[in-house]
Amino acid sequence: MIDAAGLRVMRAIAEEGSFTAAALALGYSQPAVSQMVKRLEQRTGTVLVEKVGRSVRLTEAGAVLARHAAPVLAALDAAEEEVAAIAGLRSGRVRLMAFPSSSVTLVPRALAAVRAEHPDLSVQFAEAEPPESLAALRAGEVDLAVAFSYDGSDLGRGEDLEGFAVHPLLEEEVRVALPRDHRLAGEETVSMTDLTDDEWIAGCARCRGHLLKIAHDAGFAPKVAFETEDYVAVQGFVAAGLGVALIPDLIRAATSNPDVVIRPLDPQSRRRIHAVTTDDLLKVPAVRTTLDALVASAALATPAEVS
């Protein structure tokens with residue numbers, strides 16, 4: 001019912017004492033000020049300004065509006081400044097969620113670039129596997145998710161992707177990690193069918209879908225002996241001769257264990273990494289900037305990182 005322009009006019013009339021002086025102070029024409037007062041009176045249902053000779057004065061209702069105008073307009077000005085700062089990347093916040101192995105090189109490199117270019121931009125980061133990260137995006141808990149998919153599996157892993165904007169980042173090979181004294185350690189390529197009797201180190205029950213699929217395609221169900229999400233720990237278990245494991249190239253390039261041999265699989269296994277947000281969030285400068293940094297980081301991936 002009461003707009004900011006109307007409040008500015010009421011404050012100007014209170015300070016200047018006439019429509020003409022108020023119009024001059026605001027940079028409006030005198031008829032425009034008269035029309036704005038008339039419209040405000042129609043909206044409020046009461047008289048706001050009364051003529052007294054050649055000047056005007058505010059009624060009790062008009063004085064109330066003029067009194068409230070200062071704090072209201074100050075709050076609006078502050079809000080406009082904050083929004084302008086966010087739009088200009090002088091401030092703002094992005095909530096990013098990514099799966100753990102992307103946190104080794106891909107994500108840190110992107111966030112370092114964002115900080116260097118926009119030091120006042122705040123990025124809040126948390127780790128989660130898809131579909132949890134995508135569910136968090138749909139719930140409005142994050143603005144950007146880094147997720148992955150394997151051959152034969154969808155990105156969402158059961159989470160509906162409708163309404164999401166999906167941006168491919170990179171594709172990497174997934175290999176098998178063997179103890180150095182493993183019977184297949186000397187082979188250039190290891191067939192999944194030759195690992196039928198081996199014990200496996202794998203992630204939690206909901207995270208080992210890729211292992212289960214490629215093992216099933218090879219005709220066996222893997223014997224998971226130990227469970228961990230930490231790839232450094234995975235290689236430690238492998239080095240100790242406790243089993244074999246799948247290792248994506250992003251991890252292989254960043255961590256190593258001298259007692260672990262990593263070999264390509266037959267058939268080859270690949271993982272695709274994507275940044276996921278929504279079309280509306282893409283219009284937010286901070287989200288767009290962070291996405292662009294992730295794309296640039298993926299483009300900088302070395303051959304060792306993605307084979």
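- No side-chain heavy atom of V238 sits less than 4.5 Å from a side-chain heavy atom of I247.
- Using a 4.5 Å heavy-atom threshold, the side chains of H210 and R271 count as separate.
- Contact check for L294 versus L144: side-chain heavy atoms found under the 4.5 Å cut-off.
- Between V94 and V114 the shortest side-chain heavy-atom distance does not fall below 4.5 Å.
- Taken together through direct or relayed side-chain contacts under 4.5 Å among Ile, Leu, Val, Met, Phe, Trp and Tyr, V49 and L26 form part of one hydrophobic cluster.
- Using a 4.5 Å cut-off between side-chain heavy atoms of Ile, Leu, Val, Met, Phe, Trp and Tyr, with links allowed through other members, L24 and V56 fall into different hydrophobic clusters.
- A donor and an acceptor atom, one from each side chain of T44 and T46, are nowhere located under 3.5 Å apart.
- Between E188 and R263 there is no salt bridge, since no side-chain N of the basic residue sits under 4.0 Å from a carboxylate O of the acidic one.
- No salt bridge links E173 with R252; every basic N to acidic carboxylate O contact stays at or beyond 4.0 Å.
- Under a 3.5 Å cut-off, the side chain of R175 and the backbone N or O of D249 do not form any donor-acceptor pair.
- The only option from L184, N257, V244 that meets the side-chain contact (heavy atoms from CB on, under 4.5 Å) definition with P179 turns out to be V244.
- A salt bridge is absent between E199 and K223; no separation between the charged side-chain nitrogens and carboxylate oxygens falls under 4.0 Å.
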